[in-house]
Amino acid sequence: MPKSNPSRQEVSVRVAGQTLTLTNLEKVYFPECGISKGELIQYYTEMAPYILPQIAKSPFTMVRYPEGIGGASFYQKECPAQAPSWVERFRDPHSRQGLTYVICDRLATLIYLINLGCVEIHAWASTRERPDYPEWAVFDLDPDPPSGSLEALRVARWLGEILLELKLKFLVKTSGAAGIHILLPLAPHYTYAEVQRGIQGVCRFLAGQRPADCTLERSVKKREGKVYLDYLQNGRGRTMAGTYSVRPTPLATVSAPLCWEEVITGVRTEDFTLRNMKERMAQVGDLSQVMEDKSDFSLLLHYFT
Amino acid sequence: MHTLWKGSISFGLVNVPVKMQAATESKEFQFHYLHNACQGRIRYVKQCPRCKTEVENRDLVKGYEYEKDRYVILTDEELASVQEPSARSIDILDFVDLKEIDPVYYQKSYYLSPEDTAAKAYRLLCLAMLESGKVALAHLTLRSKQYLACLRVFEEGLVLETMFYADEIRRMERPWQEIQPTETELMLARQLVEQLAKPFEPGKYRDGMRDKLAEMIEQKVKGESLRVPTAPRGGQVLDLMEALRASIARAEEKKDGARESDAEGAEENEEPPEDRSLSNREEASVNRQVNTDVSGRADESAKARADASENANTEAPATTGAAARGARTKAPATTGTAAGGARTKEPPGPEEPVPSGLKPRKRAVKAKGA
């Protein structure tokens, strides 16, 4: 039983057969653009049909901003003990602490998590069934200022051309900030280590070809304004903002999938926000569907490791 | 497992920096007292029976009752003055045979693991103790009490058992010592013991009562998960989208009110607001915001922040229930992690020592690639 608290606003809602208590929906989460927690939940409710299929089987890492993006935040992996009983849980057999993760497999759970103060979608690349075999690989392109999204997109183009050459399906999306993510859908046959080695190989190759534009330098100081090719995100338990995830940025930018034409012509990554994604979905549809097309990773491994 | 204590094992001239973690945990169910009428969680209040008032922590002193109703007061300074100076070390006194120590002396087990720099010295100590078959008796100070402890090798690592001092072990009267059974009786009893003798397999014993209790609680939670949230202080269950729309409308109203009341503290915004494309539904409301001047928007965010912090006191424990509670009960560990610079990597790997799955962070996540 929660402590009685007169100033706490709560409302009970019915979500797909489950009753959920939502709290403080009017609290402003994004002060710059006045987006409240209620509006954030509304966004995720509308986007759930596109978000849930990608994360429904994977352990979820919470990054909670209980006071909005201006306040303190913290990581939480352990499913809250008082989570409703219908919230799916996954006990990670490899975790020495016996961590039990939330599996966000339905709308009610997604809303429950956002209500706890989660702003972003952070789920593993692997599923509970095969936790050691990722279902996607990622190239995380992180431009070091003064480089920005234009430079990151240019690198994405080069990487995309390599992947097209290998006949691989992939998804280019904005990170929600200046960066770009390229996701490769995979059949879960390769370990995280193997996948990371393959992605590292491609990154190393590209950095060799374009040393003035990209770098594998892990130290931020030594990146010299180039685009950092981060292959280390391909690790067990590593998570990053997923497709259609809102980011804790002043404008509530969204990690938005791009079509190849947009990668070529260039886009402003800050143009994709919580408030215009619905409109964009109506125009371009769900570009993340390409993730259903599992790539054959063996060719990449063959050439780049 | 979180670190309870850091210090070093010292014997002779050797120093091995180590971290201490609890080796055991109780799986007992914890119950809380609730008020039967409203199910409010009972809060414990320190009350002085003489003055009939609630007493705050800062008004408490420690007294020792040396005879009935008569106390001597000991201040924190006085208590600190008797503490051993080497509070951060495990001082090895003697090495003895493990068999010599009866289990009645043991209190609680802790794992000791080496600090990164000390792995080799630690390993060396383990091997030396294994080969000699000896265990170490040591002194250490934990929670301002000096403990006697036994240091031994368990599964290739060091375990520290805190022990009772000899004068803490009670004497037991043993009048049956005089009785002498016959040799035949003794033989029968010995046979019985041998029949039941087996290798020790700790995993095969279960707490049957706890299992039953767990099942009972699970059943109750299932039955109640619907009941508890449906009845929050007389509210009714709403359609989700309806509730959200209403909350956004109310938030908008609040914001408009806030804008009219104050006006200062301009802040340059590099994003021309016109560039934002908006969906039709929000156009009206956001355009209003766009049309106000820059200073207006800055105020609004300040106001919103103030609102948030205002709410924080009263509301935080509720929204962040797990976090807040976890942080409170495990306070030393949580702050320890933060201070210890665990914030170097992000996001952390799943195996990083994150107490109770939480990790406090100072600021918002720096958006990747920003």
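Just so we're on the same page: letters track the sequence lines, and every chain starts at 1. Predicted model, so just to flag it, every value in this text is computed and none were measured.
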* To do: Of all the heavy-atom pairs spanning Ala243(B) and Val13(A), show the shortest one and how long it is.
  => CB-CG1, 3.5 Å
* Asked: More than 12 heavy atoms of other residues, nucleotides or ligands under 6.0 Å from OH of Tyr33(B): is that the case?
  -> no
* Drop me the distance from Ser247(B)'s OG to Lys37(A)'s NZ, to the nearest 0.5 angstrom. => 10.0 Å
* CG on Leu20(A) to CG on Leu240(B), rounded to 0.5 Å -> 8.5 Å
* Structure fact -> In terms of heavy-atom contacts, Gln42(A) and Ile248(B) come closest through OE1-CD1, 3.2 Å
* To do: Let me know if Ile180(A) has heavy atoms under 4.5 Å from chain B in its side chain, its backbone, both or neither.
  => neither
* **Closest heavy-atom pair and its distance - Thr45(A), Met241(B)** => CG2-SD, 3.6 Å
* Structure fact -> Rounding to 0.5 Å, atoms CG (Leu25(A)) and CZ (Arg245(B)) come to a distance of 13.0 Å
* **Gln283(A), CD atom: more than 12 neighbouring heavy atoms under 6.0 Å** => yes
